[in-house]
Amino acid sequence: QEHYGGLKGLTVTWIGDGNNVLNSIMMSAAKLGMHLRIATPKGFEPDCRMTKKAEQYSKEYGTKLLLTRDPLEAACGANVLATDTWISMGQEEEKKERLKAFQGYQITMQTTKYAASNWTFLHCLPRKPEEVDDEIFYSPQSLVFQEAENRKWTI
């Protein structure tokens, strides 16, 4: 909202794990008037209860919701590209399996070719290079440090 001046009509794309951060976005995006496009590998989808609720909210608030396995399809027309760690605390034993499953999900300049011309990037940190490359993470379109500052005030 701070960057775009408002949220209504924006398209947010999540590429990565169907985790708690995605759950929060799924429960709020439609209510704020945002379209949501989600790409997760097979076996790493968001909780089906969250998906059902997000579908209800999308219908209720007149927004669009897409779930896919294709990160580039999800990135199509995105104003905001977002991801999070693929290996959360307590999942360290799954690292090898997760890195294999998430191949092709790294956000790169190739991903942004499908996004809207005014795309930005978000990541709630800490970030690993396999999730997003340096070119995106340190680009002028990356809002990760502003996001971290805003988060500080809510904690």
Enquirer: If a pair satisfies salt bridge (charged side-chain N to carboxylate O under 4.0 Å, His left out) and one of its residues is in residues 92-101, list it, with sequence neighbours excluded.
Expert: Asp17-Arg98, Glu94-Arg98
Enquirer: Name all pairs fulfilling the ring pair (Phe, Tyr, Trp, His ring centres under 6.0 Å) condition that reach into residues 4-27, sequence neighbours left out, sorted by first residue then second.
Expert: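 Passing the test, one end in residues 4-27: no pairs.
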Enquirer: State which residues pass salt bridge (Lys or Arg N to Asp or Glu O under 4.0 Å) with Asp47; sequence neighbours excluded, sorted by chain then number.
Expert: Arg49
Enquirer: Closest heavy-atom contact between Pro41 and Ala101?
Expert: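 Shortest heavy-atom contact: CB-O, 3.5 Å.
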Enquirer: Which pairs with one or both residues in residues 144-155 pass side chain to side chain donor-acceptor pair (under 3.5 Å), sequence neighbours excluded?
Expert: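 Matches after skipping sequence neighbours: Glu2-Asn150.
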Enquirer: Would you list the pairs meeting ring pair (Phe, Tyr, Trp, His ring centres under 6.0 Å) in which at least one residue belongs to residues 112-135, sequence neighbours left out?
Expert: none
Enquirer: State plainly whether the residues Asp70 and Arg37 are in salt-bridge range, i.e. N to O under 4.0 Å.
Expert: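 Arg37 and Asp70: not salt-bridged.
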Enquirer: For Lys42, check side-chain contact (heavy atoms from CB on, under 4.5 Å) against everything at least two apart and list the hits.
Expert: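 For Lys42 the side-chain contact (heavy atoms from CB on, under 4.5 Å) partners, ignoring immediate neighbours, are Glu45, Arg69.
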Enquirer: If you apply the rule side chain to side chain contact (heavy atoms under 4.5 Å, CB included), what do you find for Arg127 with Phe137, and how did you get there?
Expert: CA-CA 9 Å; Arg127 163 264 188 176; Phe137 188 78; 3.7 Å; yes
Enquirer: Linking I/L/V/M/F/W/Y whenever any side-chain heavy atoms sit under 4.5 Å apart, do Val132 and Phe102 land together?
Expert: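 Same cluster.
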Enquirer: Not counting sequence neighbours, list each pair that qualifies as a ring pair (Phe, Tyr, Trp, His ring centres under 6.0 Å) and has a residue in residues 21-41.
Expert: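 Output for this query is empty, none listed.
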Enquirer: Quick one: which residue pairs count as a ring pair (Phe, Tyr, Trp, His ring centres under 6.0 Å) with a foot in residues 45-74, not counting sequence neighbours?
Expert: none
Enquirer: Taking atom OG1 of Thr112 and atom CD of Glu135, what is their separation to the nearest 0.5 Å?
Expert: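 Reported to 0.5 Å precision, the distance equals 8.0 Å.
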Enquirer: Once side chain to side chain donor-acceptor pair (under 3.5 Å) is applied, do any residues pair with Asp133, and if so which ones, sequence neighbours excluded?
Expert: none
Enquirer: Output the distance between atom CE (Met50) and atom CG (Asn20), rounded to the nearest 0.5 Å.
Expert: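 CG of Asn20 is found 9.5 Å from CE of Met50.
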Enquirer: Hey, quick one: are Leu143 and Tyr138 part of the same hydrophobic cluster, counting side-chain heavy atoms closer than 4.5 Å, chains of contacts allowed?
Expert: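 No: no chain of side-chain contacts under 4.5 Å links Leu143 to Tyr138.
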Enquirer: Same cluster or not: are Val12 and Ile107 linked, directly or through other Ile, Leu, Val, Met, Phe, Trp or Tyr residues, by side-chain heavy atoms under 4.5 angstrom apart?
Expert: no
Enquirer: Without hydrogens or angle criteria, can the side chains of Gln141 and Ser139 be said to hold a donor-acceptor pair below 3.5 Å?
Expert: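 Short answer, yes.
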Enquirer: Of all residues at least two apart in sequence or in a different chain, which pass the side-chain contact (heavy atoms from CB on, under 4.5 Å) check with Ser58?
Expert: Thr63, Leu65
Enquirer: I need the Thr13 OG1 to Glu73 CD distance, nearest 0.5 Å.
Expert: 10.0 Å
Enquirer: Who pairs with Leu7 by side-chain contact (heavy atoms from CB on, under 4.5 Å), at least two apart in sequence or on another chain?
Expert: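 By the side-chain contact (heavy atoms from CB on, under 4.5 Å) rule, Leu7 matches Gln1, Leu10, Leu32, Met34.
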Enquirer: Do Lys53 and Met27 come close enough that some side-chain heavy atom pair is under 4.5 Å?
Expert: yes
Enquirer: Do Thr40 and Pro46 come within less than 4.5 Å of each other through their side chains, counting heavy atoms only?
Expert: yes
Enquirer: I need the minimum non-hydrogen distance between Gly16 and Tyr105, along with the two atoms involved.
Expert: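 Heavy-atom minimum between the residues: N-CD2, 4.3 Å.
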Enquirer: Rounded at 0.5 Å granularity, tell me how far CG in Leu67 sits from CD in Glu55.
Expert: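 That separation rounds to 7.0 Å.
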Enquirer: Mind listing the side-chain donor-acceptor pairs of residues 74-88 below 3.5 Å, one per line with the distance, residues two or more places apart or on another chain?
Expert:
residue, atom, partner, partner atom, Å
Asn79, OD1, Thr11, N, 2.7
Asn79, ND2, Asn118, OD1, 3.0
Thr83, OG1, Ile15, O, 2.5
Asp84, OD2, Asn19, ND2, 3.0
Thr85, OG1, Ile87, N, 3.3
Thr85, OG1, Ile87, O, 3.2
Thr85, OG1, Glu131, OE2, 3.2

